[in-house]
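To start, the structure itself, in structure tokens.
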Amino acid sequence: MKVLKFGGTSMADAHSVSHVFDIIKKSAENRFIVVSAPGKSLKYTQKVTDSFSECCALAREGRDFSAKFKEIADRFLNIGKELGVKINLSSELKIIEHKLSRGADYDYVISRGEYLTAKILAALLKFEFIDAAEFIRFDTYGKLNLPLTAAVADKRLKTSRGAVIPGFYGVMPSGAIKTFSRGGSDITGAIVAYAVKAGVYENWTDVDGFYRCDPKIVPDCGIVEVITYDELRELSYMGAGVLHPEAVYPTMLGDIPIHLRNTFNPDAKGTMIVSSLFEADRINADTITGIAGKSGFLGVLIEKTMMNSEIGFVCGVLKIFEKYGVSIEHLPTGIDSLTVVIDKKNIESESLGHIILEITAVFSPDNIRIIDDLSLIAIAGQNMRGGQDSLYRICKGLSKENINIRFINKTTNDLSVIVGVEELQCERAIKAIYSEFYPDS
Ligand code: ASP
């Protein structure tokens, strides 16, 4: 049995919803469907979730939200009419409008896109509509309570022969609606897959799968056919993403493969995300699985002769960063030097100044300075394990392009290599590494 989740572009208008209908009707295995709210399309320049968010802001400021609300209402009424579904959308819309005028909670309002979309698709498929609010439970701190959710979901879903469930939200212990972070319908799909012990979780979007690297940088880069959860996490951390990062946990826990597929090209193979590769598949797989780069880092370089023999030096430096609540991304070290790499968006320049002053006062380094504008590039792949030449090929590619490696780090589990380069050289570096491993594409 399968769980299928369709993203915003798949639900954007009646035409794309009819593709979704065809995909679902192809197999009786397709029993649980999770949907996002309508996203952008050629005709609509705004996601319904953003339109609801605007309505909510207007209502809160005591301003007239009727024109914005009418835009949303018309969009849903059109989808319903074009698909010929017989449900009373107008009365659903009236309830939401009324609640909005009474100062409804933000999370309730922005979750209504998923709610209405699921109602429409359920009617079209003649499936049951099951509200996510019936089983997705958060705790009092707003954290998902997965064990409770799975237990309630199992009871509620197991008797259903076919159900459409709105993504993106659940309920607090108080009964109030609470949403996940943006893109959170992916998490709902993963939770449902875990709860019903699905054979596979199909995540349908508008791309053919997980790209080997950013297609804006290498337009012809291919699609990864199989990737492990670990590799995906390495690459997603560097910004490569088609899935919400929190969607991986429930599926990983249930050992359920995720199949990324394209609603507008259902014959494409897509990408399978699995817990581990069979040995035979591993041998046949490419040396690396993917490359992803992210800019906006800085390094604090600290140099001090005999640093290595000063017990507690590194720990003391890190404690100062901890004191200012700054999380550390990487820590390349030498005998007499240490660089603390941090994401610029996690630090204000004032705190950075304080940190440098404090390190200087406590440790009297010979030299301390900022290396600004760093990019990090992750190269991930199960097959680097035991492969002697992957580091050599990465360095060769970069050297051919005359790219200066600021630092390089190979994880001890041999799953990934992180290279630090100057921000201005990041795209060129990704291209260079890509063409070293995929010379023919
Ligand atoms: N509609 C929500 C968003 O735009 C949630 C989702 O699509 O997953 O973020």
Whether [X] side chain and [Y] backbone form a donor-acceptor pair below 3.5 Å:
{"X": "D186", "Y": "H244", "answer": "yes"}
{"X": "K5", "Y": "I187", "answer": "no"}
{"X": "T411", "Y": "S416", "answer": "yes"}
{"X": "T179", "Y": "D107", "answer": "no"}
{"X": "T271", "Y": "V224", "answer": "yes"}
{"X": "D343", "Y": "F297", "answer": "no"}
{"X": "T149", "Y": "R137", "answer": "yes"}
{"X": "R406", "Y": "E422", "answer": "no"}
{"X": "E225", "Y": "M272", "answer": "no"}
{"X": "E231", "Y": "T228", "answer": "yes"}

Flag side-chain contact, heavy atom, 4.5 Å: [X] against [Y]:
{"X": "C426", "Y": "I377", "result": "yes"}
{"X": "Y211", "Y": "V218", "result": "no"}
{"X": "V300", "Y": "I370", "result": "yes"}
{"X": "V48", "Y": "L116", "result": "no"}
{"X": "I256", "Y": "V3", "result": "no"}
{"X": "I408", "Y": "L391", "result": "yes"}
{"X": "E114", "Y": "T49", "result": "yes"}
{"X": "C221", "Y": "I291", "result": "no"}

Taking only distance into account, with no hydrogens and no angle test, what donor-acceptor pairs under 3.5 Å do side-chain atoms of residues 324-333 form with protein atoms, sequence neighbours excluded?
unit_1, atom_1, unit_2, atom_2, d
Y324, OH, E358, OE1, 2.9
E329, OE1, Y237, OH, 2.1

If we count only N and O atoms by modelled type, under 3.5 Å, do the side chains of D131 and Y169 hold a donor and an acceptor together?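 There is such a pair between these side chains.
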Would you check if there is a donor-acceptor pair between the side chains of S351 and E348 at a distance under 3.5 Å?
no
| task | Assess whether salt bridge (charged side-chain N to carboxylate O under 4.0 Å, His left out) is satisfied between K294 and D214, documenting all intermediate values. | result | CA-CA 11 Å; K294 195 168 156 189; D214 185 345; over 6 Å; no
Within this structure, what is the [atom1]-[atom2] distance for the pair [X] and [Y], rounded to the nearest 0.5 Å?
{"X": "I394", "Y": "L398", "atom1": "CD1", "atom2": "CG", "result": "8.0 Å"}
{"X": "T251", "Y": "I258", "atom1": "OG1", "atom2": "CD1", "result": "3.5 Å"}
{"X": "I33", "Y": "I130", "atom1": "CD1", "atom2": "CD1", "result": "11.5 Å"}
{"X": "N346", "Y": "L352", "atom1": "CG", "atom2": "CG", "result": "12.0 Å"}
{"X": "K269", "Y": "D208", "atom1": "NZ", "atom2": "CG", "result": "12.5 Å"}
{"X": "T117", "Y": "R75", "atom1": "OG1", "atom2": "CZ", "result": "8.5 Å"}

Exercise. With L415, which of R233, K410, E234 fulfils side-chain contact (heavy atoms from CB on, under 4.5 Å)?
Worked result: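 The single option meeting the side-chain contact (heavy atoms from CB on, under 4.5 Å) with L415 is E234.
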side-chain contact (heavy atoms from CB on, under 4.5 Å) with P365: of I302, V317, T305, only one passes, and it is I302
**Asked** Using the ring of each side chain (for Trp, its six-membered ring), is H15 parallel, tilted or perpendicular to H19, with breaks at 30° and 60°?
**Response** perpendicular
message = Parallel, tilted or perpendicular: which one describes the rings of F313 and F363, with boundaries at 30° and 60°?
response =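 It falls in the tilted class, 30° to 60°.
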Above 12 or not: heavy atoms from other molecules or residues under 6.0 Å from [atom1] of [X]?
{"X": "E427", "atom1": "CD", "value": "no"}
{"X": "Y229", "atom1": "OH", "value": "yes"}
{"X": "E350", "atom1": "CD", "value": "no"}

Which heavy atom of [X] sits nearest a heavy atom of [Y], and at what distance?
{"X": "W204", "Y": "S10", "value": "O-OG, 3.8 Å"}
{"X": "L148", "Y": "N145", "value": "N-OD1, 3.1 Å"}
{"X": "D105", "Y": "A176", "value": "OD2-CB, 4.3 Å"}
{"X": "A190", "Y": "P250", "value": "O-CB, 3.7 Å"}
{"X": "A150", "Y": "Y194", "value": "CB-CE2, 3.8 Å"}
{"X": "L374", "Y": "F407", "value": "CD1-CE2, 4.3 Å"}

* Among all residues two or more places apart in sequence or in another chain, which pass the side chain to side chain contact (heavy atoms under 4.5 Å, CB included) test with Y106? ->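 If we apply the side chain to side chain contact (heavy atoms under 4.5 Å, CB included) test to Y106, skipping adjacent residues, the hits are S53, C56, R60, I110.
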Is any NZ, NE, NH1 or NH2 atom of the basic residue among [X] and [Y] found under 4.0 Å from an Asp or Glu carboxylate oxygen of the other?
{"X": "D139", "Y": "K143", "result": "no"}
{"X": "K68", "Y": "E71", "result": "yes"}
{"X": "E436", "Y": "K400", "result": "yes"}
{"X": "R182", "Y": "D50", "result": "yes"}

Take L121 and I24, measure what side-chain contact (heavy atoms from CB on, under 4.5 Å) needs, and give me the verdict at the end. CA-CA 11 Å; L121 187 63; I24 297 167; 4.1 Å; yes
- Message: Determine whether D336 and E303 satisfy the following criterion, side-chain contact (heavy atoms from CB on, under 4.5 Å), listing intermediate values before the conclusion.
- Response: CA-CA 6 Å; D336 289 334; E303 290 172 306; 6.0 Å; no
Checklist entry - Under 6.0 Å between ring centres, would you say that holds for F32 and F127? => result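 No, the ring centres sit 6.0 Å or more apart.
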* Going through the checks in order, is the side-chain contact (heavy atoms from CB on, under 4.5 Å) test met by F180 and I136? -> CA-CA 11 Å; F180 293 109; I136 295 199; 4.0 Å; yes
For this session: With side-chain contact (heavy atoms from CB on, under 4.5 Å) as the test, would you mind laying out the steps for K47 and S36 before giving the verdict?
Result: CA-CA 10 Å; K47 293 180 174 187; S36 282; over 6 Å; no
